[in-house]
**Student:** 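This structure is in structure tokens; I'll ask about it shortly.
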Number of protein chains: 2
Amino acid sequence: MTSSKKDPMAAFHARLQEAGLKSTRQRDTIAETFFELDAHISVEELLVEARKKAPRIGYATVYRTLKLLVEQGFAKTRRFDDGQTRFDPQFDKSQHDHLICVDCRRIIEFDDDAVMDRLREVARGHGLVLRGRNIHIYGQCPDVDCVHRGA
Amino acid sequence: MTSSKKDPMAAFHARLQEAGLKSTRQRDTIAETFFELDAHISVEELLVEARKKAPRIGYATVYRTLKLLVEQGFAKTRRFDDGQTRFDPQFDKSQHDHLICVDCRRIIEFDDDAVMDRLREVARGHGLVLRGRNIHIYGQCPDVDCVHRGA
DNA sequence: ATCTCTGCAAACCATTTGCAGCTCT
DNA sequence: AGAGCTGCAAATGGTTTGCAGAGAT
């Protein structure tokens with residue numbers, strides 16, 4: 001149900017065909033760029049990159065393509081607190097959460113089974129089956145002289 | 001440093017004075033209403049309630065007052081996925097997280113020590129001290145006939 | 001008297017949408 | 001040919017801001 005890490009574009013094309021949607025130059029450029037880039041990309045960042053390959057691409061197309069990628073399971077929406085929506089490519093079923101440094105705002109990904117097991121129990125305790133999660137934790141370097149302090 | 005549950009308004013007034021800010025009819029009405037209402041209130045909801053007491057209150061004043069409450073530690077910002085920012089009163093230092101039912105969107109609060117202990121370790125594992133968190137988990141009723149299904 | 005607030009309307013900014021023309025299949 | 005797609009510009013919707021008048025200390 002999710003794209004293989006090896007060739008997300010092939011999986012993407014297969015899905016488009018399945019859904020009766022078209023593969024276009026712009027759509028492919030945007031999707032390709034998206035899969036190549038780091039995670040946590042904003043629409044603006046993706047647009048800038050995509051325009052290096054196809055300068056006439058517009059905002060609306062990037063928004064529409066990302067929406068499509070999310071709907072089809074190739075991307076995941078992330079909302080941090082910078083006012084923009086960001087997106088992560090989703091190559092397989094694995095999920096991850098985020099540890100954000102309050103000093104330098106760098107984002108560290110993690111996925112911890114013990115946490116998830118416990119959260120499953122919490123949900124169960126309220127009569128629900130855990131279906132998803134969105135975990136942001138914030139951390140700070142204990143070293144006052146940390147290069148990141150105040151960044 | 002945080003308001004007492006008994007009399008948040010007194011604490012609020014004290015803080016205003018400390019900061020050289022003024023206590024006004026509108027500000028008080030909004031803050032009072034905010035402390036009386038349930039958690040996870042949106043600006044719009046708060047405005048509607050506040051207008052029952054003071055009909056001429058405007059959007060901007062509600063936004064400004066909430067911003068003030070957050071800055072002064074009396075409220076906490078919450079972003080779920082409905083496009084609006086919501087706010088929780090913050091009566092003491094306790095934090096809580098959210099379990100959201102994917103069927104009926106009801107929001108259940110929880111606070112689990114085992115989860116927090118484990119997250120503290122995760123942060124520590126990356127060289128950081130845990131300073132905050134924002135955890136949303138999504139759950140679904142296991143009963144297919146649940147009244148909430150499809151809600 | 002002075003400095004802060006308020007209400008209104010306009011401005012902002014991220015995101016969405018209508019539409020005419022273009023591109024896939 | 002026909003359905004879907006693109007780019008543009010305009011619309012949207014939540015949130016912020018400028019300003020002139022009102023209110024608090």
Side-chain angles (χ1 to χ4, degrees), chain A residues 9 12-34 40-48 50-72 74-87, chain B residues 9 12-34 40-48 50-72 74-87:
Chain A
M9 287 307 290
F12 181 50
H13 285 142
R15 190 67 62 83
L16 287 177
Q17 192 144 2
E18 242 173 79
L21 301 174
K22 288 172 181 168
S23 162
T24 67
R25 193 172 355 338
Q26 297 91 326
R27 198 169 262 180
D28 286 356
T29 302
I30 294 166
E32 253 173 52
T33 308
F34 175 65
H40 321 311
I41 261 304
S42 70
V43 172
E44 175 115 31
E45 289 161 351
L46 180 52
L47 178 65
V48 168
R51 277 189 171 159
K52 292 183 182 168
K53 302 179 188 168
R56 296 188 38 94
I57 285 178
Y59 267 95
T61 305
V62 175
Y63 273 105
R64 286 188 276 230
T65 304
L66 280 169
K67 188 178 180 187
L68 175 66
L69 287 166
V70 169
E71 285 166 0
Q72 302 298 328
F74 295 91
K76 207 155 176 4
T77 298
R78 301 288 182 192
R79 278 179 240 280
F80 299 104
D81 282 309
D82 59 354
Q84 292 173 89
T85 302
R86 293 173 177 277
F87 299 84
Chain B
M9 287 308 290
F12 180 51
H13 284 141
R15 189 68 61 85
L16 287 177
Q17 191 145 2
E18 242 174 78
L21 301 174
K22 288 172 179 167
S23 161
T24 67
R25 199 172 349 337
Q26 297 89 327
R27 199 170 262 179
D28 286 356
T29 303
I30 294 167
E32 252 174 52
T33 308
F34 176 65
H40 320 312
I41 263 300
S42 69
V43 172
E44 175 115 31
E45 289 160 353
L46 180 52
L47 178 65
V48 168
R51 278 190 172 159
K52 291 182 183 169
K53 304 178 188 169
R56 296 189 38 96
I57 285 179
Y59 267 96
T61 305
V62 176
Y63 274 104
R64 287 188 277 228
T65 303
L66 281 169
K67 187 177 180 188
L68 175 65
L69 287 167
V70 169
E71 285 166 1
Q72 303 296 329
F74 295 91
K76 208 157 175 4
T77 299
R78 302 288 184 193
R79 277 179 240 280
F80 300 104
D81 282 310
D82 59 355
Q84 293 172 89
T85 302
R86 292 173 177 277
F87 300 84

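Each chain gets a letter, A, B and so on, in the order its sequence line appears, and its residues count up from 1. As the structure is a computational prediction, the values presented were derived from the model and not from experiment.
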**Student:** At a heavy-atom distance below 4.0 Å, which nucleotide of DNA chain D is the first touched by chain A, and which is the last?
**Tutor:**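 On DNA chain D, the outermost contacted nucleotides are dG2(D) to dC8(D).
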**Student:** Assess whether atom CD of E71(B) is packed by more than 12 heavy atoms of other residues, nucleotides or ligands within 6.0 Å.
**Tutor:**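 Yes, the 6.0 Å shell around CD holds more than 12 heavy atoms from other groups.
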**Student:** Would you check if D81(B) and R79(A) make a side-chain contact, meaning some heavy-atom pair closer than 4.5 Å?
**Tutor:** yes
**Student:** How close or far is atom P of dA14(C) from atom CZ of F87(A), stated in whole angstroms?
**Tutor:** 13 Å
**Student:** Kindly give the heavy-atom pair with the smallest separation between Y59(B) and R51(B), and that separation in Å.
**Tutor:**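 It is N-NH2, 4.4 Å.
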**Student:** Given side chains that start at C-beta, do those of L66(A) and T85(A) come closer than 4.5 Å, heavy atoms only?
**Tutor:**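 They are not in side-chain contact.
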**Student:** State, yes or no, whether a side-chain contact exists between Q84(A) and E44(A) at a heavy-atom distance under 4.5 Å.
**Tutor:**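 Sidechains of E44(A) and Q84(A): in contact.
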**Student:** Would you kindly give the CG-to-C1' distance between L16(B) and dC5(C), to the nearest whole Å?
**Tutor:** 12 Å
**Student:** Assign each of I57(A) and R79(B) to its nearest nucleotide of DNA chain D by heavy atoms, then name whichever residue's nucleotide is nearer the 5' end.
**Tutor:** I57(A)
**Student:** Hey, could you give me the CZ/OG1 distance between F12(B) and T65(B), rounded to the nearest 0.5 Å?
**Tutor:**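 With rounding to 0.5 Å, CZ (F12(B)) is 6.5 Å from OG1 (T65(B)).
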**Student:** Any side-chain heavy atom of R15(A) within less than 4.5 Å of one from E18(A)?
**Tutor:**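 Yes, at least one pair of side-chain atoms sits under 4.5 Å.
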**Student:** Could you go through residues 27-34 of chain A and list every donor-acceptor pair under 3.5 Å that involves a side-chain atom there, pairing it with any protein atom two or more places apart or in another chain?
**Tutor:**
| from | atom 1 | to | atom 2 | distance (Å) |
| --- | --- | --- | --- | --- |
| R27(A) | NH1 | K22(A) | O | 2.7 |
| D28(A) | OD1 | H13(A) | NE2 | 3.0 |
| D28(A) | OD1 | S23(A) | OG | 3.3 |
| D28(A) | OD2 | H13(A) | NE2 | 3.2 |
| D28(A) | OD2 | S23(A) | OG | 3.0 |
| T29(A) | OG1 | R25(A) | O | 2.8 |
| T33(A) | OG1 | T29(A) | O | 2.6 |
| T33(A) | OG1 | K53(A) | NZ | 3.1 |

**Student:** Can you name the nearest heavy-atom pair linking E45(A) to H40(A), along with the distance?
**Tutor:** OE1-O, 3.9 Å
**Student:** Using whole Å, report how far CG of L66(B) lies from C1' of dT6(C).
**Tutor:** 15 Å
**Student:** Show me the protein contacts with nucleotides 20-25 of chain C, counting only N or O atoms at under 3.5 Å.
**Tutor:**
| from | atom 1 | to | atom 2 | distance (Å) |
| --- | --- | --- | --- | --- |
| dC24(C) | OP1 | R25(A) | NH1 | 2.4 |
| dC24(C) | O3' | S23(A) | O | 3.3 |
| dC24(C) | O2 | K22(A) | NZ | 3.1 |

**Student:** Checking all strands, does R27(A) fall into the base, sugar-phosphate, or nothing category for heavy-atom contacts under 4.0 angstrom?
**Tutor:**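 The residue R27(A) makes sugar-phosphate contact but no base contact.
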**Student:** Starting at atom OH of Y59(A), determine the distance to atom P of dT17(C), rounded to an integer number of angstrom.
**Tutor:** 18 Å
**Student:** Could you give the CZ-to-C1' distance, from R86(A) to dA14(C), as a whole number of Å?
**Tutor:**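 The distance from CZ of R86(A) to C1' of dA14(C) comes to 13 Å, rounded to the nearest Å.
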**Student:** Quickly work out the E44(A) CD to dT15(C) C1' distance and round it to whole Å.
**Tutor:** 13 Å
